[in-house]
**Q** 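One structure coming up, written as structure tokens, with questions to follow.
From a predicted model like this one, the values you see are computed outputs, not experimental measurements. The figures here come from the full heavy-atom set of this structure, side chains too, leaving out hydrogens, waters and symmetry mates. The chains referred to below are lettered A, B, ... by the order of the sequence lines, with proteins before strands, and numbering in each begins at 1.
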Amino acid sequence: MCASRTTPARPQPMPNMNVRVRFAPSPTGYLHIGGARTALFNWLYARHTGGKFILRVEDTDAARNTQEAVDVILNGLRWLGLDWDEGPITSDATGPCKGDRGPYYQSQRKELYRRRVEALLSHGLAYEADGAVKFRMTREPVVIDDLVVGRVVRPLTDREELDPDFVIVRSDGEPVFHLVNVIDDLEMGITHVIRGEDHLSNTAKHIALFRAFGVEPPHYAHIPLILNPDGSKMSKRDQGASMTYYMEGGYAPEAVVNYLSLLGWSSKDNQEIFQIAQVVERFDLPQILRHNARFDHEKLNWLNFEHLRKLEGDRFNELTVHALNKAGYETAKYDLAYVKAAVGTAREKLKKLTDAPGYIGFYFRESVEIDPAEAPKLQAPENEARLHRLRQAYAAAPQFDAATLESLLKGLATELGLKAGPLVHPLRVTLTGKSSGPSLYHLMEVLGRERVLNRIDAVLATFRR
RNA sequence: GACCCUAUCGUCCAGCGGUUUAGGACACCGCCCUUUCACGGCGGUAACACGGGUUCGAAUCCCGUUAGGGUCGCCA
């Protein structure tokens with residue numbers, strides 16, 4: 001267990017410096033995109049105000065909460081770049097953590113809950129019924145002054161009218177969500193609860209609980225939900241509901257974070273493309289919209305492209321090489337400079353990182369695999385002589401750089417009374433196997449004279465059968 | 001069913017009583033540029049859910065209807 005909770009709160013230097021927000025996921029084995037956005041908004045608010053972002057794992061359901069499930073969440077948040085100031089460091093509930101308000105796993109806080117329940121019991125604010133412990137809920141409508149939604153008055157529903165009290169400890173002794181959530185927020189000194197709107201109705205219970213513990217509740221900000229493109233609610237099974245879809249689908253974290261920021265929040269000045277630091281600077285709770293938003297994959301794709309092309313060279317190289325390796329291309333077998341130059345020709349061209357293997361994989365295969373759709377065109381009789389002339393010109397090229405290669409090709413085209421196209425197309429297919437790809441002249445420069453001549457020879461050989 | 005939230009182009013946002021022939025972005029459709037594929041440039045189609053009020057004047061305020069979402073668990 002990490003640091004004790006008895007450490008007194010430190011004095012707050014500035015009025016706005018004491019914001020404490022948290023993301024409190026339940027490890028179910030996957031991180032929902034909506035949960036990721038909730039985490040992002042909390043993180044943004046903490047960073048904007050100079051407050052603390054806390055990660056707390058709500059692993060009360062021992063049966064389905066595994067360490068692997070926690071890792072999914074930790075990895076998802078890390079991938080997005082949402083670092084937490086307090087919370088677990090590993091997926092081991094009894095392992096190390098940072099922060100002095102731990103433990104940050106609910107499974108490690110049972111004693112705390114037990115004491116709080118006893119206090120409630122002894123004050124007559126809770127009572128036992130059928131082996132469970134129930135909380136004596138207020139019968140009055142509860143007013144919620146929500147930072148996003150505004151003032152909401154929640155009266156009892158007709159069902160609650162019958163019995164407003166609700167279970168806080170099950171008959172098996174396990175405390176329920178409403179209870180532990182409130183106790184933890186209280187103990188951890190959470191000042192703002194930023195969460196999905198699906199919790200808005202529950203908030204009445206939470207406020208009543210806070211008051212029963214003798215404290216005023218934190219500020220609440222209920223953010224709208226993310227819906228499917230067709231407007232239905234996004235559930236586990238839906239495409240793109242899980243963070244892994246983006247992590248493995250060729251998206252840059254920068255783009256996903258940017259897109260998520262724009263769902264339900266706006267800087268009001270029509271800017272769409274943001275670096276995360278710019279969002280941190282402008283983000284605030286009052287600008288959050290009140291209505292749900294549909295997830296638009298096309299727009300995310302566009303943002304992904306925009307971010308990919310703006311990525312700093314090394315970062316682009318890192319992400320692209322990773323995508324190539326994942327697809328089975330062993331870039332490590334090649335010169336670092338060659339790899340960098342090769343990847344460089346895909347710069348500003350990739351829509352998704354997962355397009356990299358198909359786009360520049362030819363650099364990392366010793367023999368070219370001709371696209372079956374292009375093979376017949378390449379076999380056109382006139383191509384033999386053209387490729388032969390091209391080979392001669394390139395074998396004798398004084399320098400093997402893009403500009404020289406281009407002028408040699410164009411010179412040859414003029415000589416043969418052709419436009420560049422009839423030479424460019426077969427040559428591209430010969431060298432890469434495909435009809436489209438990086439700039440032909442630059443790709444040849446990267447490939448180098450030896451590979452270019454070899455690849456031309458390989459195709460020429462198919463003409464002489 | 002009860003209660004709560006919401007409602008501007010297909011989608012995401014701007015608009016917060018008059019400066020609006022409702023603006024931007026994605027997507028879509030033309031044209032241009034071009035060594036492929038892209039990018040880019042120019043132009044275009046496209047919305048205030050409906051009905052009542054309030055007001056000299058409403059996308060903007062109020063009420064209702066409709067629609068969508070959420071909550072009513074010994075799930076979280």
**Q** Write down the partner of B/C16 under the Watson-Crick or G-U wobble criteria, each distance required to be under 3.5 Å.
**A**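 B/C16 is paired with nothing.
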
**Q** Determine: side-chain N/O of A/T60 to OP1/OP2 of B/A76, distance under 4.0 Å, yes or no.
**A**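 True: A/T60 side-chain N/O within range (under 4.0 Å) of B/A76 OP1/OP2.
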
**Q** Set out, in order, the CA-CA distance, both residues' side-chain angles and the distance that settles side-chain contact (heavy atoms from CB on, under 4.5 Å) for A/R22 and A/R101, then state yes or no.
**A** CA-CA 12 Å; A/R22 48 66 169 181; A/R101 306 280 192 109; over 6 Å; no

**Q** For B/C61 versus B/C3, give the span between their C1' atoms, rounded off to a whole number of Å.
**A**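 The answer is 25 Å between these two C1' atoms.
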
**Q** Rounded to the nearest Å, what distance is computed from the CD1 atom of residue A/I144 to the P atom of nucleotide B/U71?
**A**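 Rounding to the nearest Å, CD1 of A/I144 and P of B/U71 are 14 Å apart.
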
**Q** Report the nucleotide, chosen from B/A76, B/C39, B/G73, that has the shortest atom-to-atom distance to any side-chain atom of A/R309.
**A**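 Output: B/C39.
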
**Q** Would you mind telling me which of B/C37, B/C72, B/G40 lies closest to the side-chain atoms of A/E306?
**A**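 Looking only at side-chain atoms, A/E306 lies closest to B/G40.
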
**Q** So does A/S201 reach the base of B/C3 with its side chain, donor to acceptor, closer than 3.5 Å?
**A**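 When only heavy-atom distances are counted, A/S201 does not reach the base of B/C3 through any donor-acceptor pair under 3.5 Å.
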
**Q** With A/Y259 as reference, evaluate A/F295, A/W265, A/Y251 under the ring pair (Phe, Tyr, Trp, His ring centres under 6.0 Å) test and give the passing residue.
**A**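 Exactly one candidate clears the test, A/F295.
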
**Q** Return no unless some side-chain N or O of A/R170 is found under 4.0 Å from OP1 or OP2 of B/C75.
**A**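 Yes.
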
**Q** Assign A/F305 to base, sugar-phosphate, or nothing according to its heavy-atom contacts below 4.0 angstrom with the strands shown.
**A**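 Since only primed, P, OP1 and OP2 atoms lie under 4.0 Å of A/F305, the category is sugar-phosphate.
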
**Q** From the list B/A76, B/U36, B/C5, which nucleotide is the closest neighbour of the side chain of A/S439?
**A**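 That would be B/U36.
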
**Q** What is the minimum heavy-atom distance between A/A393 and A/L408, and which atoms define it?
**A**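 Heavy-atom minimum between the residues: O-CD1, 3.9 Å.
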
**Q** Looking at side-chain heavy atoms only, is the closest gap between A/Y220 and A/I207 below 4.5 Å?
**A**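 SC-SC contact between A/Y220 and A/I207 confirmed.
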
**Q** What distance, rounded to whole Å, do you find between the two P atoms, one in B/U6 and one in B/U19?
**A**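 Between the two P atoms, the distance is 27 Å.
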
**Q** Are A/N258 and A/S261 close enough that a side-chain donor and a side-chain acceptor fall under 3.5 Å?
**A**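 Side chains of A/N258 and A/S261: no pair found under 3.5 Å.
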
**Q** Determine which nucleotide pairs with B/C42, using a 3.5 Å limit on both distances of a Watson-Crick or G-U wobble pair.
**A**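 Check on B/C42: paired to B/G30, both distances under 3.5 Å.
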
**Q** Could you tell me whether B/C39 is syn or anti, where syn means a glycosidic angle within 90 degrees of zero?
**A**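 Syn for B/C39; the angle stays within 90° of 0.
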
**Q** Heavy-atom contacts under 4.0 Å between residues 397-432 of chain A and RNA chain B, which residues?
**A**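 When residues 397-432 of chain A is checked for heavy atoms under 4.0 Å from RNA chain B, the hits, listed by number, are A/K410, A/V424, A/R428.
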
**Q** Can you classify the ring geometry of A/F364 versus A/Y329 as parallel (below 30°), tilted (30 to 60°) or perpendicular (above 60°)?
**A**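 Perpendicular, since the angle between the ring planes exceeds 60°.
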
**Q** Name the residue closer to the 5' end of RNA chain B, choosing between A/P229 and A/V167 according to the nucleotide with the nearest heavy atom.
**A**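 With A/P229 and A/V167 compared, the 5'-side residue is A/P229.
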
**Q** Please determine, for B/A2, whether a Watson-Crick or G-U wobble partner exists with both distances under 3.5 Å, and give it or none.
**A**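 Its partner is B/U71.
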
**Q** Identify the heavy atoms of A/H297 and A/P229 that sit nearest to each other, and give their distance.
**A**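 In this case the closest contact between A/H297 and A/P229 is CD2-CG, 4.2 Å.
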
**Q** Distances under 3.5 Å only, N/O to N/O: pair up the protein atoms with those of nucleotides 47-50 of chain B.
**A**
none

**Q** Show me the side-chain donor-acceptor pairs of residues 130-143 of chain A shorter than 3.5 Å, one per line, residues at least two apart or across chains.
**A**
unit_1: A/K134; atom_1: NZ; unit_2: A/D163; atom_2: OD2; d: 2.6
unit_1: A/R136; atom_1: NE; unit_2: A/G124; atom_2: O; d: 3.0
unit_1: A/T138; atom_1: OG1; unit_2: A/E140; atom_2: N; d: 3.1
unit_1: A/R139; atom_1: NH1; unit_2: A/M137; atom_2: O; d: 2.7
unit_1: A/R139; atom_1: NH1; unit_2: A/D165; atom_2: OD1; d: 2.8

**Q** Which pair of heavy atoms, one from A/L260 and one from A/L40, lies closest together, and at what distance?
**A**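 Shortest heavy-atom contact: CB-CD2, 3.6 Å.
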
**Q** Is any side-chain heavy atom of A/F362 less than 4.5 Å from a side-chain heavy atom of A/R455?
**A**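 Yes, side chains in contact.
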
**Q** Rounding to an integer number of angstrom, what distance separates B/G23 and B/A14 when you compare their C1' atoms?
**A**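 These two C1' atoms come out 7 Å apart once rounded.
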
**Q** Starting at CG of A/D371 and ending at P of B/C37, how long is that distance when rounded to a whole Å?
**A**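 So the two atoms are 14 Å apart, to the nearest Å.
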
**Q** Look up atom CD in A/Q392 and atom NE2 in A/H388, then write down how far apart they are to the nearest 0.5 Å.
**A**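 Nearest 0.5 Å value for the CD-NE2 distance: 4.5 Å.
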
**Q** If you look at every heavy atom in A/L308 and A/A252, which pair is closest and at what distance?
**A**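 Heavy-atom minimum between the residues: CD1-CB, 3.8 Å.
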
**Q** What parts of residues 276-303 of chain A reach RNA chain B, counting only heavy atoms under 4.0 Å away?
**A**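 By residue number: A/L289, A/R290, A/H291, A/N292, A/A293, A/R294, A/D296, A/E298, A/K299, A/W302.
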
**Q** Quick one: on RNA chain B, does A/S232 or A/K205 contact a more 5' nucleotide (nearest heavy atom)?
**A**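 With A/S232 and A/K205 compared, the 5'-side residue is A/S232.
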
**Q** Going by the angle between their ring planes, with limits at 30° and 60°, are A/F400 and A/Y394 parallel, tilted or perpendicular?
**A**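 The arrangement is perpendicular - the two ring planes meet at more than 60°.
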
**Q** Is the shortest side-chain heavy-atom distance between A/D198 and A/H222 below 4.5 Å?
**A**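 Counting from C-beta outward, A/D198 and A/H222 never come under 4.5 Å.
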
**Q** In residues 256-273 of chain A, which ones come under 4.0 Å of RNA chain B, going by heavy atoms?
**A**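 Within residues 256-273 of chain A, the residues near RNA chain B are A/L262, A/L263, A/G264, A/S266, A/K268, A/N270, A/E272.
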
**Q** Tell me the interatomic distance from A/H199, atom NE2, to B/C5, atom P, rounded to whole angstroms.
**A**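 Nearest whole value for this atom pair: 18 Å.
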
**Q** Which base sits across from B/U65 as a Watson-Crick or G-U pair, both distances under 3.5 Å?
**A**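 By the stated definition (distances under 3.5 Å), B/A49 pairs with B/U65.
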
**Q** Write out all pairs satisfying side chain to side chain donor-acceptor pair (under 3.5 Å) with one or both partners inside residues 31-44 of chain A, taking only residues at least two apart or from two chains.
**A**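 Those involving residues 31-44 of chain A are A/W43-A/D83.
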
**Q** Hunt down the Watson-Crick or G-U wobble partner of B/U55, both distances under 3.5 Å, from any strand shown, or write none.
**A**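 Its partner is none (no Watson-Crick or G-U wobble pair with both distances under 3.5 Å).
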
**Q** What is the pairing partner of B/U11, taking Watson-Crick or G-U wobble pairs with both distances under 3.5 Å in any strand?
**A**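 Because both required distances fall under 3.5 Å, B/U11 counts as paired with B/A25.
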
**Q** If I pick the P atom on B/C33 and the same atom on B/C42, what distance separates them, to the nearest angstrom?
**A**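 Rounded to whole Å, the distance is 15 Å.
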
**Q** Within 45° of the axis and under 6.0 Å from the centre of the six-membered ring of A/F23, does NZ or CZ of A/R56 qualify?
**A**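 Not satisfied by the 6.0 Å and 45° rule.
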
**Q** So which nucleotide from B/U71, B/U35, B/G70 ends up closest to the side chain of A/L440?
**A**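 Taking heavy atoms from C-beta onward, the closest nucleotide is B/U35.
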
**Q** Rounded to the nearest angstrom, tell me the gap between atom CE in A/M137 and atom C1' in B/U71.
**A**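 Nearest whole value for this atom pair: 12 Å.
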
**Q** Select base, sugar-phosphate, or nothing to describe what A/V133 touches, counting heavy atoms under 4.0 Å on all strands.
**A**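 Since no nucleic acid heavy atom lies under 4.0 Å of A/V133, the category is nothing.
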
**Q** Which part of the nucleic acid, if any, lies within contact of A/H222, taking any heavy atom under 4.0 Å across all strands shown: a base, the sugar-phosphate backbone alone, or nothing?
**A**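 If one applies the 4.0 Å heavy-atom cut-off, A/H222 turns out to touch nothing in the nucleic acid.
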
**Q** Figure out the CG/P separation between A/L162 and B/G73, and round it to whole Å.
**A**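 Atom-to-atom, A/L162 to B/G73, this comes out as 11 Å.
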
**Q** Distance criterion of 3.5 Å, no angle test: do you see the side chain of A/K349 paired donor-to-acceptor with the base of B/C37?
**A**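 Per atom types, the contact qualifies.
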
**Q** Check every strand shown and say whether A/K434 touches a base, only sugar-phosphate, or nothing at a heavy-atom separation below 4.0 Å.
**A**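 The residue A/K434 makes no contact with any strand.
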
**Q** Can you see which heavy atom on A/Y246 is nearest to which on A/G240, and at what distance?
**A**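 A/Y246 and A/G240 have their closest heavy atoms at OH-O, 2.7 Å.
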
**Q** Ignoring the backbone of A/L225, work out which of B/A76, B/C74, B/G70 is nearest its side chain.
**A**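 Of all the options, the side chain of A/L225 is nearest to B/G70.
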
**Q** Find the distance A/D130:CG to B/G73:C1' and express it as a whole number of Å.
**A**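 Interatomic distance, CG of A/D130 to C1' of B/G73: 14 Å.
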
**Q** What is the distance, to the nearest angstrom, from the CD atom on A/E58 to the P atom on B/C75?
**A**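 It works out to 15 Å between those atoms.
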
**Q** Hey, are A/T320 and A/N317 close enough side-chain-wise for a donor-acceptor pair under 3.5 Å?
**A**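 No donor-acceptor contact under 3.5 Å links the two side chains.
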
**Q** With respect to the phosphate group of B/C39, does any side-chain polar atom (N or O) of A/K351 fall under 4.0 Å of OP1 or OP2?
**A**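 For B/C39, OP1/OP2 do have a side-chain N/O of A/K351 under 4.0 Å.
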
**Q** A/D59 has an atom CG; how far is it from atom C1' of B/C75, in whole Å?
**A**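 Value for this atom pair: 15 Å.
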
